[in-house]
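The structure appears below as structure tokens.
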Amino acid sequence: TTITVTIVAPPIVDAGPDVGICLSAAAVDLSPQSSPSGGTWTGSGIIGSTFDPSITGVGTFELVYSVGSDNCQVWDTLLVNVYALPVVDVSGNTPDACVAQDSVILTASPIGGIWSSSNGGQVVGNTFYPSLSGIGIYTLTYTYTDGNGCSNSDQFDLEIYDLPSIIVSDETYCNQG
């Protein structure tokens with residue numbers, strides 16, 4: 001009786017480079033970065049070959065990409081860092097101003113973000129210009145991006161009021177003191 005034994009070299013498996021993504025990122029298809037194709041992904045946040053950070057939340061997660069089966073199964077791991085979004089706050093701003101006011105200084109934390117305005121409101125840096133913007137309600141949005149490339153924003157409404165009307169009649173008053 002003759003037994004033929006075939007030794008098959010396992011494929012070289014590459015799950016791809018470790019990645020960092022923001023919690024708000026869309027699900028990421030991992031199949032384009034892994035080789036050979038046709039393997040199986042396992043780990044937290046995996047649905048098929050897609051990693052979804054909204055499932056895992058913030059943290060570091062080890063994902064495994066495996067190819068083959070039984071004694072011929074080989075695998076590689078991939079670390080995914082899911083970063084928290086920066087906390088952005090604009091609560092210290094005044095909600096109203098007069099159209100005659102030249103400027104309103106806007107405050108937000110953390111510093112280093114960008115202000116924008118709806119409805120044509122005039123913002124330069126951290127300054128809103130009521131006299132250039134006109135009366136109305138403007139939604140002011142502050143967007144901040146941290147060192148990981150994660151962005152978050154906060155906003156508030158700023159109402160710009162018209163000048164008050166003053167009616168004066170031609171009356172004469174005498175001091176009869």
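The 12-atom threshold is exceeded at CD1 of I105, counting heavy atoms of other residues, nucleotides or ligands nearer than 6.0 Å. Within 6.0 Å of CD1 on I114 lie no more than 12 heavy atoms contributed by other residues, nucleotides or ligands. Counted within 6.0 Å of CD1 on I12, heavy atoms from surrounding residues, nucleotides or ligands total 12 or fewer; the atom is thus considered open.
With a 4.5 Å cut-off on side-chain heavy atoms, S54 and L23 do not count as touching.
Taking Y138 as the reference, F128 meet the ring-ring contact (aromatic ring centres under 6.0 Å, His included) condition, with sequence neighbours excluded.
Closest heavy-atom contact between S151 and T145: OG-OG1, 2.6 Å. Taking both residues in full, the closest heavy atoms of P53 and A26 are given as CD-O, 4.1 Å, listed atom of the first, atom of the second, then distance.
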May I have the list of side-chain donor-acceptor pairs in residues 73-86 shorter than 3.5 Å, sequence neighbours left out?
from: Q73; atom 1: NE2; to: S66; atom 2: OG; distance (Å): 3.4
from: D76; atom 1: OD2; to: A15; atom 2: N; distance (Å): 2.8
from: N81; atom 1: OD1; to: T60; atom 2: OG1; distance (Å): 2.5

Donor-acceptor pairs under 3.5 angstrom involving side-chain atoms of residues 89-101: please list them, not counting sequence neighbours.
from: D89; atom 1: OD1; to: S91; atom 2: N; distance (Å): 3.1
from: D89; atom 1: OD1; to: S91; atom 2: OG; distance (Å): 3.0
from: D89; atom 1: OD2; to: S91; atom 2: OG; distance (Å): 3.1
from: N93; atom 1: OD1; to: T107; atom 2: N; distance (Å): 2.8
from: N93; atom 1: ND2; to: V90; atom 2: O; distance (Å): 2.9
from: N93; atom 1: ND2; to: T107; atom 2: O; distance (Å): 2.7
from: T94; atom 1: OG1; to: D96; atom 2: O; distance (Å): 3.4
from: Q101; atom 1: NE2; to: S103; atom 2: O; distance (Å): 3.2

Side-chain atoms of residues 43-50: list all donor-acceptor pairs with protein atoms under 3.5 Å, sequence neighbours left out, distances to 0.1 Å.
from: S49; atom 1: OG; to: D29; atom 2: OD1; distance (Å): 3.0

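A distance of 8.0 Å separates OG1 in T42 from CG in L63, rounded to the nearest 0.5 Å. For the atom pair CD1 of I135 and CD1 of I160, the computed distance is 10.0 Å after rounding to the nearest 0.5 Å.
Between W115 and Y142, the ring planes are tilted. Angles from 30° to 60° get that label.
Transitive grouping of hydrophobic side chains (ILVMFWY, heavy atoms separated by less than 4.5 Å) keeps Y161 and L106 in distinct clusters. No chain of hydrophobic side-chain contacts below 4.5 Å, direct or via other Ile, Leu, Val, Met, Phe, Trp or Tyr residues, connects Y129 to L140. If you chain together hydrophobic residues whose side chains sit under 4.5 Å apart, V28 and I55 never meet in one group.
Under a 3.5 Å cut-off, the side chain of S133 and the backbone N or O of Q122 do form a donor-acceptor pair. A side-chain donor-acceptor contact under 3.5 Å links Y65 to the backbone of G39.
Among residues at least two apart or in separate chains, disulfide (SG to SG under 2.5 Å) pairs with a member in residues 126-163 are C22-C150.
Side-chain heavy-atom separations under 4.5 angstrom define the hydrophobic clusters, and V87 shares its cluster with no other residue.
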